[in-house]
Novice: 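I'd like to ask you about the structure that follows.
Keep in mind that the numbers below use all heavy atoms, side chains included, and drop hydrogens, waters and symmetry copies. In what follows, chains are A, B, ... by sequence order, proteins preceding strands, each numbered from 1. The shown structure was predicted, so the numbers you read here are calculated from the model rather than taken from an experiment.
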Amino acid sequence: MSTQYNIPVGAQHISLLEPLHFKFTTENEKIIKTEANVGYVHRGIEQACCSKFKFRQVSFVVGRVCGLCSISHTTCYSQVAEKLLKLDIPKRAKYLRMLVIELDRIHSHLLCLSHVAENSGFEALFMKTMRHREFSMELLEAVCGNRIQYDFSIIGGVARDLRTDVAQSILDKFKIFRPQLDELVDIYKTNWSLSLKNKGIGVLSKEDAIRLNVVGPFARASGLGVDVRNETEELLPWKEVGFEIITDTAGDVHARNMVRLKEIYVSMKIIENIINGLPEGDLISDTKAFPEGEAVNRIEAPRGELFYYAKGNKTQVLERLKIKAPTFSNIPAMVETFTNNEYASVPAIIGSYDPCLSCTSR
Amino acid sequence: MIALIESLFLIPIAVSALLLLLPKTAARFLTILATLVLSAIAIYLFTQATDRPIQFAVSPVVNKIVMIADFSLLLFVIGAGLKQKNILVWVLAILQLLVLGYLTTKMSETQSTQFYVDKLSIFMFILVNVISGVIAVYSLKYIDEEKCSWFRKKYFISMIFWFMAAMNLLAAADNLEYFYLFFELTTLASYLFIRFRKDDESKKNALTALWMNQIGGLAILAAIVYTVLTAQYGNPSFSDLIAKGNSVAIILPFAFLCIAGLVKGAQYPFNKWLIGAMVAPTPVSALLHSSTMVKIAPFIILRISPVIKGTPVATVMIGLTAFVFVAAAIGALAQDTFKKILAHSTIALLALMILMAAVGTPVAVTAALILMLFHGLSKCLLFLNAGVLEHVFHMKQTSDMSKLGEAGPFTALVVAVGFMSLLLPPFGAFVGKWFSIETIGTVASGFKIVAPLVLVCIATGGAVLSLLYFKVLGAMISRTGESDKVKFEHIHPIYESTLIFLLCALLICTLALPWLLPYYFTQVAADTTGLALIPVIQQGTNIYIGSVHLPLIPMLIAFILLPFGIIAGLFVRFKHVDRAKEYMCGEKVEYNFSSFYFSTDKATPYFVAIGILFFVSIVLVAFFM
Amino acid sequence: MQVYLPLSVLMIRACHALQDKFQIEIMKTFFKTIGNLFKKPATIPFPAAPTYKPDDYRGLIVFDESLCIWCRRCETVCPPGAIVFSQNITDGKQTYHYSPYVCIYCQECVRTCPKQGCLIQSAEPGHPATKEHDVNNVWNKLFADSLESRVTYAAEKKKQQAAAKANPQS
Amino acid sequence: MNNSIIQILLIVLAPVLGGLIYGVERKVKARMQRRIGPPVLQPFYDFLKLMDKRKMMVHSTHAFLGILHFISLWFALAVLIMGGDFILIIFLHLLATALIILAGFSTRSIFSHLGANRSAISILAYEPVLVIIAISAYMLTGSFDVSALYASDVPVLFKMPLAFIALLMILPIKLKKSPFDISEAHQEVVGGVELEYSGIFYEAVYTAKWLDYIFCYLLVFMFAGNNWWLGLLLVALTFIYINALDNSTARVNYKQMLRFSFWVALPMAFLNLLMTMFHLI
Amino acid sequence: MALNKFRTKSPWILHYNAGSCNGCDIEILACLAPKYDIERFGMINTGNPKQSDIMLVTGPVTKRSRERLVDIYSQMPEPKVVIACGSCGCSGGVFRGMYNCEGGIDQYIPVDVYVPGCGCRPEQIIAGVVEALAILEKKTKDMEGSVKLHNDPIEQDGQTNRREVAAVI
Amino acid sequence: MNRIETSFENLKKDIAAFYKPQAHHFITMNGVDLGNDVIEYQWFFCDYAFPSDITMFVTRANVDVQVPSIKNIIVSAWLPEAELVDLLGVNIEDTQKGFVLELDSETAPLRKK
């Protein structure tokens with residue numbers, strides 16, 4: 001009697017936003033093996049960035065690697081390009097970059113949380129989280145001029161200034177949002193049925209997190225405190241604006257939710273600090289040089305460590321650009337973490353990974 | 001009348017002997033003829049049955065023969081036990097031999113009649129002769145396809161008739177000593193049947209069946225000894241026992257008879273032998289499950305139900321059977337082999353029948369009878385079909401059956417109707433189950449706390465069984481596409497005719513239920529319980545039997561919806577409708593999904609332990625009351 | 001009736017105990033959800049009423065031909081190639097083509113434009129097109145044609161120059 | 001006579017009424033999520049739209065079983081409205097469910113199979129409770145007929161409150177509402193058994209869902225005895241309860257559901273049976 | 001028919017991401033959220049191609065996605081409308097000419113409405129869907145007209161069914 | 001950024017000696033086509049400390065030389081390796097093609113033409 005069944009999830013599946021294919025081998029509904037196919041979104045951006053686009057255009061192209069963390073991509077690329085150009089950027093630009101990165105993190109984390117809620121079968125919480133999330137989209141729209149593709153960081157600085165009325169509206173909206181967030185935390189933390197679905201589900205132990213080199217909230221929920229903001233200070237002064245690291249120990253879906261929710265508080269604090277202490281100065285510093293040599297750069301995207309490697313050869317076109325997205329590091333762990341869970345929890349687990357396949361396969 | 005009844009005993013024996021001698025075609029002819037004759041006699045008896053039971057004695061020579069047969073049978077069993085080094089078999093047989101020897105010295109010459117044919121016996125005659133006859137005809141073809149010598153093929157058919165004779169005798173036996181012999185005869189027959197294939201597993205399972213049924217034999221002997229030793233009872237015969245049972249407040253012999261019945265009915269913890277019997281050729285399983293062997297259990301309980309009704313023994317039995325109903329249903333869930341699923345569900349439904357018999361009110365007995373008849377028909381149909389699946393389509397596991405819809409639409413249809421008939425309205429088995437629930441509800445106050453628990457068990461067990469049937473039917477029905485026209489498979493006419501006969505019998509009996517109920521079942525029930533006939537009142541479109549009623553219109557519509565719906569579902573073809581392929585997330589994934597599987601490995605020891613507890617408590621309760 | 005009271009008290013007690021012990025709430029969301037029934041929906045009646053849109057939203061690119069100096073710098077920097085200039089073969093007059101269905105609204109062209117006000121990013125988002133417009137294939141053809149027209153014009157011009165060089169008097 | 005006209009009207013109009021309930025439910029659900037939500041007649045718009053779709057099916061058996069499911073469910077509902085035997089009604093409903101489960105199994109689609117499996121498991125979860133409630137009702141009225149409950153002078157609710165609570169516990173399973181909507185869990189099995197239906201055949205399954213609403217709310221209505229206003233109030237309160245529950249819980253998995261049903265709902269019904277049996281209330 | 005005006009009131013959507021950057025996808029998600037609430041128009045995100053009327057596709061169609069895209073499209077019963085969301089869905093956008101992209105959804109399936117924007121705002125998506133509804137209505141009417149021209153399938157041509165022949169052989 | 005030159009023979013040994021799971025995490029593996037069929041392979045590691053530092057193992061080899069896999073040291077290395085096999089068209093131990101590219105995709109797109 002064959003007791004093992006294959007259940008496919010994806011490429012098109014309602015619980016997935018992106019084309020991504022999992023093949024679960026299950027016993028009844030218990031998963032014993034997972035196979036993943038993550039190469040659906042491979043578009044060839046790396047090659048195009050090294051051949052078709054000039055290095056200044058690349059900053060807009062890498063933004064389209066991922067719509068959720070486009071600001072991280074553009075900032076990371078801008079920084080690596082600045083390293084190649086040996087360019088220093090104004091402090092105001094740095095602060096504005098951090099501001100948008102953190103705003104983006106808020107919207108991305110809220111999206112992820114709502115996705116977890118939806119995939120746990122809690123439609124009302126999805127609606128609630130999405131309702132509360134709208135403010136971050138409006139703020140981003142006001143700051144950058146678009147709801148998702150910000151194109152805010154460009155080589156040498158940022159593209160737009162932060163208007164004072166917008167800065168004020170950010171602070172105002174945060175005042176409204178904070179109690180809403182408290183309420184959300186309360187629901188995610190204590191709702192009984194949600195805890196049935198989330199607690200002890202999809203557990204990644206700290207040992208596994210270290211062994212599999214996991215990054216981002218995924219790792220932090222397992223107790224592995226890996227956060228680029230905590231590790232570098234050279235390009236963006238995170239500590240200065242009040243960054244603190246959030247970790248949890250359980251490593252399950254619930255812990256990931258909690259880490260994300262707490263990080264939203266940290267992001268809000270950072271944003272408030274930035275707005276209150278925004279230095280005056282230029283937005284952009286320019287140079288006519290061409291990229292030369294090789295450089296690497298890391299930045300903390302909402303999903304974890306984003307890594308760029310670039311090599312220039314004194315022409316308009318880069319010789320090599322390597323993008324390592326956070327989800328790319330997490331996929332080996334994701335595939336292992338499904339094992340021994342019910343198929344019923346799969347959507348929630350996928351949601352809690354917050355995968356970004358368009359980053360992964362580019 | 002008496003001659004007819006005797007012919008029911010003698011014809012099968014004669015046929016059985018003749019079959020061994022005759023050549024193939026003649027044997028085939030004789031089998032069909034004998035089946036027809038036996039069925040005709042049984043049905044004739046049914047039409048002629050009167051309210052007064054027929055009692056008759058046989059010449060004292062027969063007593064001697066019976067005695068000799070008893071001893072030789074036991075000696076054979078001891079021989080078999082010793083030869084195959086199964087300590088349980090021969091120890092139990094020697095025990096019986098000793099008890100029997102003691103009895104022969106102790107017992108006076110019996111004065112009473114040895115045979116007692118009431119309506120219940122005739123009900124059994126019909127069940128045994130018609131259904132076993134169909135199985136005999138079916139096995140003509142089936143055994144032809146087995147790999148064994150021609151003599152053993154004839155021997156197989158002749159064994160079926162022998163079995164029928166034993167069953168007929170058993171159903172008519174009044175004297176407990178005779179009853180013991182016929183009981184042991186069926187045990188022996190089943191032993192020989194189970195080891196028919198003569199491989200290691202068959203032999204092992206046959207021995208299991210043997211020793212387990214020996215316990216039943218021992219229990220009957222214990223009952224006889226107790227009766228003989230207790231002065232008040234008089235002769236060890238059913239009629240005497242039942243007549244005096246209510247006045248004598250000792251029910252220990254009945255408790256022993258109950259145990260004999262429960263062992264034959266393969267209730268936990270003795271369920272193993274019936275499951276093990278699946279190694280035999282399929283007609284044997286059909287025989288054991290539908291009409292003969294296991295039906296002895298509800299038969300004995302029904303026989304003694306007037307006495308045990310309302311006693312603590314009955315209460316314990318109700319508890320046991322209610323528990324077995326759930327446990328066996330759960331056990332069935334864990335199976336994948338088609339025949340094993342059927343075996344487990346048989347145990348579950350038998351538990352329900354025994355439960356109803358133990359409750360013993362007229363309506364409950366009616367429910368038990370309905371269940372016996374329809375379960376016999378449905379199970380026979382399903383087992384014969386299992387044989388067809390094995391021999392024609394080579395499918396043994398339910399998970400292999402996914403292509404059945406295309407390969408054999410008729411067989412698939414039979415499986416579908418067979419399973420549906422065990423569960424869903426409007427079929428008789430459903431009516432039986434429904435009556436049982438309502439009956440226990442109505443008599444609940446008599447059982448205090450037991451009744452609600454029993455009801456929970458029945459409700460849960462019923463739900464588990466429905467899950468089981470959906471699982472099996474689901475495995476069978478799954479398919480990708482379909483051909484434009486249904487092409488029925490060609491199976492051998494013997495297979496086809498027997499299956500169609502049973503199918504028709506099932507449908508006709510279901511349709512005839514409103515008439516069968518007042519004119520047959522309630523009368524048999526009245527006869528069995530010895531109580532007044534429960535009036536069957538037709539009021540508008542409802543038929544009231546005691547406290548429960550059968551609304552005809554919903555049943556009729558359900559009858560149209562379900563069987564014809566399923567038939568139409570399998571054979572209807574929509575024209576001008578485009579076909580689409582299944583949704584697979586846009587991927588091309590190898591499909592290998594079927595229904596959930598369940599495992600009862602952990603639970604089985606507990607089930608057995610609880611079963612043993614119940615068995616012990618039957619004796620204890622009877623002893624201390 | 002005497003059973004209801006102890007029963008309900010028992011249940012409420014049990015709920016409270018659970019809440020205290022395991023830090024889980026069982027009924028809070030439930031009542032909040034019912035309360036939501038009487039609150040105003042958060043939905044904006046969008047097609048009927050406009051939604052929030054910042055003044056400096058990065059919408060469609062507007063081109064002012066009168067200011068253009070035809071440097072084609074916007075065409076060079078545009079990452080997806082949403083701007084292309086075609087050239088009339090006879091008189092060399094350039095025409096600006098722009099497809100909002102290719103544009104990624106990155107504002108790079110506006111930043112690069114040396115002539116202030118020639119290219120402006122309006123706050124108007126693009127409008128949906130239908131099948132009849134066939135925006136993709138039309139644009140592909142237009143793009144190829146424009147490039148070809150420029151090549152043809154350049155060749156033509158070269159030919160003319162060569163011809164002019166060959167016989168300068170005419 | 002008046003009653004029977006109402007009954008026949010109810011039977012005939014059951015799909016329409018069910019559609020209305022579904023429409024109101026979608027509206028209420030939307031309002032509970034602070035949305036405007038679709039118009040109340042939305043289910044009928046869906047119905048009209050589905051009629052226009054191209055006819056597609058996986059195979060005839062599958063499509064036919066869907067239609068048969070609708071018919072048999074309507075029939076079970078008719079028996080309930082006419083006040084037939086409670087146990088028979090439960091099993092007729094089981095028959096209807098059996099047909100849709102078989103339909104789910106009849107395709108070789110993984111999600112359809114998963115949904116069918118889960119539907120079968122939900123039967124295990126709710127059927128025993130319903131049967132026990134039916135028997136309690138018998139203990140109370142002395143008749144297995146639902147019409148005896150409809151005619152009861154004292155609302156049944158006061159006589160068997162625990163049965164009502166048990167019914168409220170299993171209603172989400174039957175109505176496929178969160179937290180027990182496992183059999184059609186959209187995010188997991190994409191609708192389960194109804195996944196492979198499309199166009200006019202989906203219409204049958206879609207409408208059968210409306211009938212299920214009527215079926216379940218009639219079970220609730222039954223608890224009010226012959227007091228119609230109380231019945232309507234009960235139905236309204238249950239409606240709010242079901243939707244609020246749907247909107248305040250996440251989906252549990254099938255094991256948790258079974259555990260809940262067997263350790264909470266079934267003992268509750270059992271307790272009620274004991275209470276009615278020994279006339280504690 | 002008089003009922004025609006109701007028929008566009010229940011467009012059920014199916015969302016497929018054919019290799020986009022997630023930007024438009026999260027905007028489609030935002031459309032479902034209370035602020036935009038496209039269920040007002042009767043839209044449900046079914047996730048099931050067999051019951052959908054409108055297919056929202058995003059992304060420039062990568063090489064690995066195209067088969068799935070066509071597969072899912074073919075499972076949708078007519079009348080159906082395809083909306084390409086975002087610049088890269090309309091024409092490939094910034095991904096035009098990359099080696100693993102096919103440049104626009106209309107290279108593989110017929111697109112009825114193109115929604116521009118990178119990423120497109122929910123308002124634009126809603127406007128696109130409103131546009132799509134008109135097309136859906138037109139397609140429904142066309143289908144009604146075509147029913148009359150329906151020819152019976154091969155069975156009545158007197159020819160033997162091929163599958164049966166194959167079964168015999 | 002530390003840059004450690006190594007060779008295919010010493011690679012596994014060097015990385016095993018260097019890699020302390022508690023102190024470092026593996027970022028990714030990269031390959032750069034230097035032209036003339038020579039490919040530079042890079043393995044990036046980063047430590048968990050503040051300020052963190054990136055260590056890069058570098059080696060160069062011809063295209064057709066089989067690259068040793070470090071999957072048995074770092075489990076999660078299968079993903080970048082599988083990607084490089086596709087994108088650079090190189091040969092890495094125990095790694096199959098087909099991670100991101102389809103049959104009709106351009107083979108080894110990141111190589112210099």
Novice: Counting N and O atoms only, with roles assigned by atom type, does the side chain of A:Arg43 sit under 3.5 Å from a partner on the main chain of E:Gly19, one being a donor and the other an acceptor?
Specialist: yes
Novice: Which of the residues E:Lys63, E:Arg121, E:His15 is involved in the greatest number of heavy-atom pairs with chain A at under 4.5 angstrom?
Specialist: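 Going by pairs under 4.5 Å, I would pick E:Arg121.
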Novice: So which heavy atom on A:Pro19 is nearest to which on E:Ser65, and how close?
Specialist: CG-OG, 4.4 Å
Novice: So which part of E:Thr58 gets closer than 4.5 Å to some heavy atom of chain A, the side chain, the backbone, both or neither?
Specialist: neither
Novice: Tell me, side chain or backbone of E:Cys88 under 4.5 Å from chain A's heavy atoms, or both, or neither?
Specialist: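 The answer is neither part of E:Cys88.
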Novice: I need the full list of ring pair (Phe, Tyr, Trp, His ring centres under 6.0 Å) pairs touching residues 38-59 of chain A, with sequence neighbours left out, sorted by first then second residue.
Specialist: A:His42-E:Tyr99
Novice: In terms of heavy-atom pairs under 4.5 Å, which option from A:Arg131, A:Gln149, A:Gln12, A:Met130 contacts chain E the most?
Specialist: A:Gln12
Novice: Looking at E:Cys118, is its backbone amide N or carbonyl O close enough to the side chain of A:Asn146 to form a donor-acceptor pair, meaning the two atoms are under 3.5 Å apart?
Specialist: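 Yes.
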Novice: With chain A, which of E:Asp25, E:Asn17, E:Ile72 has the greatest number of heavy-atom pairs at distances under 4.5 Å?
Specialist: E:Asn17
Novice: Drop me the distance from E:Glu27's CD to A:Met137's CE, to the nearest 0.5 angstrom.
Specialist: 4.5 Å
Novice: To the nearest 0.5 Å, what is the distance between SG (A:Cys69) and CG (E:Asn22)?
Specialist: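 Rounded to the nearest 0.5 Å, the SG-CG separation comes to 8.5 Å.
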Novice: Any salt bridge (charged side-chain N to carboxylate O under 4.0 Å, His left out) involving residues 47-60 of chain E? Give me the pairs, sequence neighbours left out, ordered by first then second residue.
Specialist: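 Applying salt bridge (charged side-chain N to carboxylate O under 4.0 Å, His left out) to every pair that reaches into residues 47-60 of chain E, excluding sequence neighbours, yields D:Lys49-E:Asp53, D:Lys53-E:Asp53, D:Glu196-E:Lys50.
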Novice: Checking heavy atoms, do the side chain of A:Glu138, its backbone, both or neither come under 4.5 Å from chain E?
Specialist: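 Side chain of A:Glu138 only, per the 4.5 Å heavy-atom cut-off to chain E.
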Novice: If I take atom CG from residue E:Leu14 and atom CD1 from residue A:Ile14, how far apart are they, to the nearest 0.5 angstrom?
Specialist: 8.5 Å
Novice: Can you tell me how far the CE atom of E:Met98 sits from the OG atom of A:Ser51, to the nearest 0.5 Å?
Specialist: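 Here the interatomic distance stands at 8.5 Å.
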Novice: Please state whether the side chain, the backbone, both or neither of A:Leu111 comes within less than 4.5 Å of a heavy atom of chain E.
Specialist: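 Side chain of A:Leu111 only, per the 4.5 Å heavy-atom cut-off to chain E.
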Novice: With respect to chain A, which residue among E:Leu29, E:Leu32, E:Asn45 yields the maximal number of heavy-atom pairs within a distance under 4.5 Å?
Specialist: E:Leu29
Novice: Determine the option with the most heavy-atom pairs under 4.5 angstrom with chain E, choosing from A:Thr129, A:Ile148, A:Asp151.
Specialist: A:Ile148
Novice: Highest number of heavy-atom pairs under 4.5 Å with chain A: which of E:Gly23, E:Cys120, E:Pro34, E:Ala30?
Specialist: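 So the answer, after comparing E:Gly23, E:Cys120, E:Pro34, E:Ala30, is E:Pro34.
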Novice: Which bit of A:Phe126 is near chain E, if near means a heavy-atom gap under 4.5 Å: side chain, backbone, both or neither?
Specialist: side chain
Novice: Between atom CD of E:Glu39 and atom CE of A:Met127, what is the distance when rounded to the nearest 0.5 Å?
Specialist: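 Reported value, rounded in 0.5 Å steps: 7.0 Å.
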Novice: With a 4.5 Å cut-off on heavy-atom pairs, point out which of E:Gly117, E:Pro49, E:Ser20, E:Pro60 contacts chain A the most.
Specialist: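 Heavy-atom pair counts peak at E:Ser20.
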Novice: Quick one: what part of A:His13 sits under 4.5 Å from any heavy atom of chain E, side chain, backbone, both or neither?
Specialist: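 No part of A:His13 comes within 4.5 Å of chain E.
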Novice: Is it the side chain or the backbone of A:Glu141 that comes within 4.5 Å of chain E heavy atoms, both, or neither?
Specialist: side chain
